[in-house]
Protein chains: 2
Amino acid sequence: MTIRDVAKSAGVSPATVSRVLNKPDLVEPETRERVRFAMEKLNFQPNAIARGLSAQRSDTLGLIVPGITDLFFNELYRGIDRASQSYGMKVLLFNAEHARDRALDGFSFLGQHQVSGIIFTSKLVTEEFDPVLQRLRIPVVLVLTQSTAKTPLQAFRVDDIKAVFDVVSYLVSRGHHRIGMIAGKQDHEITGQLRLRGYEMGLQHFGIPYDPRRVEYGDYRFDEGYSAMQRLLDRQRDLQLTAVCTAADEMALGAIRCLYDNGLRVPEDMSVVGFDDLQISRMILPRMTTVAQPFADIGAHAVRWLMGVLGQDQTPSETGIYFLPHRLVERESVLTLV
Amino acid sequence: MTIRDVAKSAGVSPATVSRVLNKPDLVEPETRERVRFAMEKLNFQPNAIARGLSAQRSDTLGLIVPGITDLFFNELYRGIDRASQSYGMKVLLFNAEHARDRALDGFSFLGQHQVSGIIFTSKLVTEEFDPVLQRLRIPVVLVLTQSTAKTPLQAFRVDDIKAVFDVVSYLVSRGHHRIGMIAGKQDHEITGQLRLRGYEMGLQHFGIPYDPRRVEYGDYRFDEGYSAMQRLLDRQRDLQLTAVCTAADEMALGAIRCLYDNGLRVPEDMSVVGFDDLQISRMILPRMTTVAQPFADIGAHAVRWLMGVLGQDQTPSETGIYFLPHRLVERESVLTLV
DNA sequence: TTGTAAGCGTTATCAT
DNA sequence: ATGATAACGCTTACAA
């Protein structure tokens, strides 16, 4: 079932059929209807592949995610998918399964599929990406991360430093002074360093000395949140922490679980603050106080930016980091000290 | 950068370049290397779209999901993605955003993109799908659901009836007799009816009379799990339930939250059993006892089945429902009564 | 307003 | 073992 069959059935040329598909106003209403009728009758479905080849564009945006099982993925994807649709674009997903080289593969995979633009998520873009990035003739935008590579890349994310700074301020305002941190591993993702930096700056701002023994590290997942908390607890006799802030909700979940397993309650015996505001963070017990990242919004911005670049034909005129506003969501995991 | 450029650079014909790409052994080792070298030098990336058009296949499987924000999506996708890759296939995702007509759109979207097969998830396939299914010339496989349409469709899922039956048995073996159920809405997904049926059969088997007042319904999401539990609790003086089984982990989460908001503890005052075994179910407090669905496995089976059909050229010889084994995961949300 | 025809970048069939 | 050449199904100048 091709455009030719429709053309024959409608008694017009293939070009006309193509026109009613793409620029219906260029064709006389009467013939247009005739063609549409033929399409209906023959149940014609245009071949998106042929269309893409001929028109030299696939109307597709590529999305590279570090791992599909990351709990923030869903919301981010939703934002990107919705925004894409509003531009008549589709999304082609590439899951790097948390492997660095797979992330690199993602670029050529998407390149081969002729995507118009690429959204890269979450992992830091380092210099080792440069060769790939250089020869790629497709605009790339970063989301929830940034680049330390030579290739300048536009990024959309929240101000991680400021966000954790705000968390510390909030905790101090609730009477906390001995505040611990479960940070992301420093070599892992850029947010690991940034969020730790926000913690340091927060303490500094309130004249609280920074004590490295109050900081533990994890890989952003539940299990390492749990074990990081356990290590903190092992020193708790010295530390006397009253609150812990974390670099990720999922680690906060682990921390909370660990606290309970040690016979401590949240927030009565220890306050915990997360980061992300995943769907589940409001479902658990206690409802988690956390920093909300506007995932859907961030995704939408990335798409919009790409479409802008594509509109003015491949000139990423200016690049930099665009910070979207985060929001501290107060729920039940922080105790107000007298 | 096309196959012709490479050909020119290597001093061969385009056909030869194509051969080293697809059937390297048909070309003399020496020329093969020469071509490969040229590809390297020119940083050639084959155009997947052109390839698809010419070869009349896209090496792609389509996946239709009801909603990307469903918490089970991630694991299912992972299973499907992995299995697909092992067959050299890619996955094109279509998110129906929980809208029935969007689900239908999914078929034509994927059809236009020339996917070799379609995996349809979770929503019941009813007769209204028949017209679309009939004219679709692509094999379809169902996952986590089944079909009541005329078109026979292969399905992979767990035995929902048996699973909830097992839950009831388990609860009875722990001394529970007054067992409530938070079921899925009956018009929603097939599993809604099936799981409720399992509950009924479980009760019947143990000689416990079925009392409709012990059953409430929700749409599988947290909030409705919460309100369903609240409705049950409103009757709790009469009901005297000691345990509740649910049709979904997410609703169980809502139920647990509701119980705590009513000053009741889980499992001390009420036992709760989930369904799905989402990642988070082991992270929360109390760790949830639930029925594990082998999502990744189910996905892998679906892919394998499709590839089988495609191998023997479009003949879905036999179709039916293939049940994958579920597993009751005992954790902490059920109390053993003396 | 509509038709003709030349691609788009591959693959695949024939020859050689 | 390699090279011409005709598809694949559509879009898009250009012509009519």
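These values consider heavy atoms only, across backbone and side chains, with no hydrogens, waters or symmetry-generated copies. Proteins get letters first, then strands, A, B, ... in listed order; numbering begins at 1 in each. If you're wondering where the values come from, they're calculated on a predicted model, not measured in any experiment.
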Take atom [atom1] of [X] and atom [atom2] of [N], then tell me their distance rounded to the nearest Å.
X	N	atom1	atom2	value
A/Arg4	D/dT11	CZ	C1'	13 Å
A/Ile3	C/dC8	CD1	P	18 Å
B/Glu33	D/dA1	CD	P	16 Å
A/His113	C/dC8	NE2	P	21 Å
B/Lys23	D/dA1	NZ	P	14 Å
B/Asn22	C/dT10	CG	P	11 Å

[X] (side chain) donor-acceptor with [Y] (main chain) under 3.5 angstrom:
X	Y	value
B/Asp59	B/Lys90	no
B/Arg82	B/Ala300	no
A/Ser86	A/Ser84	no

(request) Name the orientation class of the two ring planes belonging to A/Trp305 and A/Phe156 (parallel below 30°, tilted from 30 to 60°, perpendicular beyond 60°). (result)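 Ring orientation, 0 to 90° scale: perpendicular.
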
Using only heavy-atom distances, determine whether the side chains of [X] and [Y] contain a donor-acceptor pair under 3.5 Å.
X	Y	answer
A/Asn22	A/Ser18	yes
B/His98	B/Asp70	yes
B/Thr69	A/Asn74	no
A/Gln146	A/Arg157	yes

(request) Evaluate the criterion side-chain contact (heavy atoms from CB on, under 4.5 Å) for residue pair A/Leu144 and A/Ile298; output intermediate values, then yes/no. (result) CA-CA 8 Å; A/Leu144 305 180; A/Ile298 290 178; 3.7 Å; yes

(request) For residues A/Phe129 and A/Phe120, establish whether the separation of their ring centroids is below 6.0 Å. (result)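 They qualify: ring centres under 6.0 Å apart.
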
(request) Could you check which residues of residues 46-54 of chain A get a heavy atom under 4.0 Å from DNA chain D? Sort them by number, please. (result)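 Per residue number, the list reads A/Pro46, A/Asn47, A/Ala50, A/Arg51, A/Ser54.
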
(request) Tell me what B/Ser18 touches on the nucleic acid: a base, only sugar-phosphate, or nothing, going by heavy atoms under 4.0 Å. (result)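 If one applies the 4.0 Å heavy-atom cut-off, B/Ser18 turns out to touch a base.
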
(request) Determine: side-chain N/O of A/Gln56 to OP1/OP2 of D/dT12, distance under 4.0 Å, yes or no. (result)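 No, outside the criterion.
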
(message) If you take any heavy atom closer than 4.0 Å to DNA chain C, which residues from residues 38-45 of chain B end up in contact?
(response)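 When residues 38-45 of chain B is checked for heavy atoms under 4.0 Å from DNA chain C, the hits, listed by number, are B/Phe44, B/Gln45.
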
If you restrict it to nitrogen or oxygen atoms, what contacts under 3.5 Å exist between nucleotides 2-5 of chain C and the protein, and what is each distance?
{"residue": "C/dT2", "atom": "OP1", "partner": "A/Thr31", "partner atom": "OG1", "Å": "2.8"}
{"residue": "C/dT2", "atom": "OP2", "partner": "A/Glu28", "partner atom": "N", "Å": "2.8"}
{"residue": "C/dT2", "atom": "OP2", "partner": "A/Thr31", "partner atom": "OG1", "Å": "2.9"}
{"residue": "C/dG3", "atom": "OP2", "partner": "A/Ser13", "partner atom": "N", "Å": "2.8"}
{"residue": "C/dG3", "atom": "OP2", "partner": "A/Ser13", "partner atom": "OG", "Å": "3.2"}
{"residue": "C/dG3", "atom": "OP2", "partner": "A/Thr16", "partner atom": "OG1", "Å": "2.7"}
{"residue": "C/dG3", "atom": "N7", "partner": "A/Arg19", "partner atom": "NH1", "Å": "3.4"}
{"residue": "C/dG3", "atom": "N7", "partner": "A/Arg19", "partner atom": "NH2", "Å": "3.1"}
{"residue": "C/dG3", "atom": "O6", "partner": "A/Arg19", "partner atom": "NH2", "Å": "2.3"}

(request) Return the minimal non-hydrogen interatomic distance between A/Ile138 and A/Gly117, and the atom names on each side. (result)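 Taking every non-hydrogen atom into account, CG2-CA, 3.5 Å.
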
